[in-house]
Protein chains: 2
Amino acid sequence: MTDRPDTPRSRRERPAKPALTREGIVAAAVAVLRAEGLRKVTMRRLAQELDTGPASLYVYVRNTAELHAAVLDELLGTVGPAPAEGSWRERLEQVLTAYTTMLFEHPSLARSALTARPSGPNYLALIETLLGLLDEGGVPPAQAAWGVDLLLQHATATAAEHSADEASEEDWDALRRVVRDASERTHPHIAALGSALLSGAPHERLSWGLRTLIAGIEHAPAPD
Amino acid sequence: MTDRPDTPRSRRERPAKPALTREGIVAAAVAVLRAEGLRKVTMRRLAQELDTGPASLYVYVRNTAELHAAVLDELLGTVGPAPAEGSWRERLEQVLTAYTTMLFEHPSLARSALTARPSGPNYLALIETLLGLLDEGGVPPAQAAWGVDLLLQHATATAAEHSADEASEEDWDALRRVVRDASERTHPHIAALGSALLSGAPHERLSWGLRTLIAGIEHAPAPD
DNA sequence: ACCTGAACACCGTTCAAGT
DNA sequence: ACCTGAACACCGTTCAAGT
C-alpha cells in the first residue's frame with residue numbers, strides 16, 4: 001500500500017473541478033455576469049467554465065431564460081431590507097432605488113427580468129417588504145397588490161432602458177435631433193417643450209417616477 | 001441582333017426581385033414579423049427573402065436593433081389618432097390602449113422598444129398626440145414631458161411582459177405556486193393577499209395602471 | 001440516474017474583392 | 001458607390017450512447 005501522496009495529476013490540473021450542481025452553475029453564471037456581462041452568460045460559455053459540455057447543464061437548468069432568472073434572484077439577495085429611518089414613502093423609494101441601482105449595473109438582466117417573472121426567495125422577500133411599506137402607508141390591499149407590480153415594473157424598465165449597448169447611444173442622439181428639429185406647425189407641443197422632453201439624469205427620472213407612482217397609487221381608483 | 005423575347009430565365013424565376021432599398025428591407029421585415037414573429041426577423045432570413053446575402057443589408061441598415069426599431073415605427077403607423085369623443089382622460093387612455101393592443105400582437109417587438117428608443121415619424125406623432133391630451137387636461141408642461149415617458153413605458157412594458165414564450169407560462173405557474181405557499185409567518189402580507197396579488201386580466205391591469213399613472217401625474221410633484 | 005460527444009439548425013457582423 | 005461570397009466567431013437545444 002502506498003501512502004496518499006499528491007492527488008493524481010488529472011485532479012490537480014484545474015483548481016478542483018467542482019461537482020456539477022445547480023448552485024455551482026448559478027455561481028459560475030454570476031461570476032461571468034460580473035466579469036463580462038449577461039451577453040456572455042450562455043450555456044456554452046458556462047459549460048466551458050465548468051469544464052464540461054453544454055448538454056450537461058440541461059440536467060440542472062431548463063433553458064437559458066431560467067438560468068438568467070436564477071442569476072437575477074441571486075443578485076436580489078444583495079439589495080437588503082428596508083431602512084429603519086424615514087417615512088414609509090421615503091423608505092419605499094429607498095428600497096426601490098436600491099433595487100434599481102443593482103439592476104443599473106446589469107441592464108441586460110433588467111431586460112430579462114421584465115419578461116421572465118422571477119419566483120426565487122429573494123424576489124419574494126422584496127415583494128413582502130414593499131407590501132409591508134404600502135400597508136404601513138394605509139394603502140388598501142387591492143391597490144397595494146397591483147401597485148407593487150407597477151412600482152417594480154417602473155424600476156425594472158428604467159434599468160432596462162439604460163442597457164447601454166453602444167448602439168443605443170446613437171438611438172438617443174437620433175431622438176434628440178428629431179425632437180430638436182420638430183416643426184412648430186406639425187408638432188407644436190414637442191416644439192414647445194424642446195429639450196425638456198429629454199432632460200433629467202436617470203436617477204432624477206427614476207425618483208420622480210417613483211414618487212409619481214406612489215402618489216397615483218394613493219389616489220388610485222380601486223381595481224374594477 | 002436578336003429582338004427582346006422573354007426576360008431571361010434568371011430574371012423570371014422569382015416575382016421581380018425588387019431593388020434593394022431600405023423601404024424594401026423594412027417591408028420584408030414587417031411581412032416576416034407578421035407571418036413568423038420577430039424571432040425570425042434576422043439579417044440572414046431577410047437576405048434570403050430578398051434573394052441576396054446578409055452582408056448586402058448592412059448598406060441600408062446599421063444592425064439588427066436598428067432594423068427592429070424601423071419595424072416598430074412602421075407598425076406605429078397603424079395605431080391611429082386620438083378619438084374625437086370623451087374626456088381627455090378617456091381619450092388618453094384610449095390612445096395608449098390602442099398602442100398597447102398593437103404591441104400585444106408582437107410582444108417581442110415591445111421588448112425591443114423598451115431598449116431601442118424609436119425616433120421615426122410615427123413615434124413622434126404619437127408623442128405629440130399624448131402631449132396634446134395632457135395639455136388639454138391642464139397638466140403643467142414639465143410634468144407632461146416626463147409623464148409621457150412614464151405612460152409609454154408602462155404600456156410598452158406591459159406588452160413586453162406578455163411575451164408568451166411558452167416558457168414564460170411556466171414562470172407564472174412557479175410564481176403562483178410560491179405565492180400560494182407563502183408562509184403566514186415569514187411573509188404575512190403576501191399570505192394575506194394571496195391570489196389577489198396575481199389577479200386581473202392583462203387589459204384590466206393595463207387600464208388600472210394607466211388610470212393610476214394619470215392620477216399620479218396630475219398629483220405629481222414638479223420635477224426637481 | 002446522470003452525463004456527454006456530436007450534431008442540427010441556426011445567429012450577427014466584417015472584410016476583401018468584385019462590378 | 002454599391003454589392004457580395006466567404007469566413008469568423010459564435011449561439012441553443014436535442015439525442016443517442018455511454019457510465
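On a predicted model such as this, the values are computed, not experimentally measured, just so you know. To find a chain, count down the sequence lines: A is the first, B the second, and so on, and within it residues start at 1.
One interatomic measurement links the two molecules: CZ of A:Arg45 to C1' of D:dG12, which rounds to 17 Å at whole-angstrom precision. Here the C1' atom of nucleotide C:dG12 and the CG atom of B:Leu67 are 12 Å apart, to the nearest Å. The nearest whole Å value for the distance from the CG atom in A:Leu57 to the P atom in D:dG12 is 10 Å. In this entry the distance linking CD1 of B:Ile25 with P of D:dC2 reads 13 Å, nearest Å. Following rounding to the nearest Å, A:Leu46 (CG) and D:dC10 (P) show an atom-to-atom distance of 15 Å. Protein atom CZ of B:Arg39 is 14 Å distant from nucleotide atom P of D:dG12, rounded to whole Å. When rounded to the nearest whole Å, the span between OH of B:Tyr60 and P of D:dT4 equals 8 Å. Whole-Å rounding puts the B:Lys40 NZ to C:dA9 P distance at 12 Å.
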Before giving the answer on salt bridge (Lys or Arg N to Asp or Glu O under 4.0 Å), spell out for B:Asp173 and A:Arg117 the whole-Å C-alpha distance, their side-chain angles and the decisive distance to 0.1 Å.
-> CA-CA 10 Å; B:Asp173 285 352; A:Arg117 299 260 117 191; over 6 Å; no
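Of the listed nucleotides (D:dT4, D:dC2, C:dC3), D:dT4 has the atom at the smallest distance from the side chain of B:Thr52.
Partner assigned to C:dC10 is none, using Watson-Crick or G-U wobble distances below 3.5 angstrom. Within the shown strands, nothing qualifies as a pairing partner of C:dC3 under the Watson-Crick or G-U definition with both distances less than 3.5 Å.
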Please table the atom pairs, donor to acceptor, closer than 3.5 Å between any side-chain atom in residues 23-33 of chain A and protein atoms at least two apart or in another chain.
none

All N/O pairs under 3.5 Å across the protein-nucleotides 13-15 of chain D interface:
unit_1, atom_1, unit_2, atom_2, d
D:dT13, OP2, A:Tyr58, OH, 2.9
D:dT13, OP2, A:Thr64, N, 3.2
D:dT13, OP2, A:Thr64, OG1, 3.2
D:dT13, O5', A:Tyr58, OH, 3.4

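The closest side-chain heavy-atom distance from B:Trp146 to A:Ser199 is below 4.5 Å. The shortest distance between side-chain heavy atoms of B:Leu151 and B:Ile217 falls below 4.5 Å.
Comparing the P positions of D:dC8 and C:dA9 gives an interatomic distance of 23 Å, to the nearest angstrom.
A donor-acceptor contact under 3.5 angstrom links the side chains of A:Gln153 and B:Thr158, judged on distance only. Looking only at atom types and distance, the side chain of B:Glu161 has no donor-acceptor partner in the side chain of A:Thr115 under 3.5 Å away. With 3.5 Å as the limit, one finds no donor-acceptor pair spanning the side chains of A:His187 and B:Glu128.
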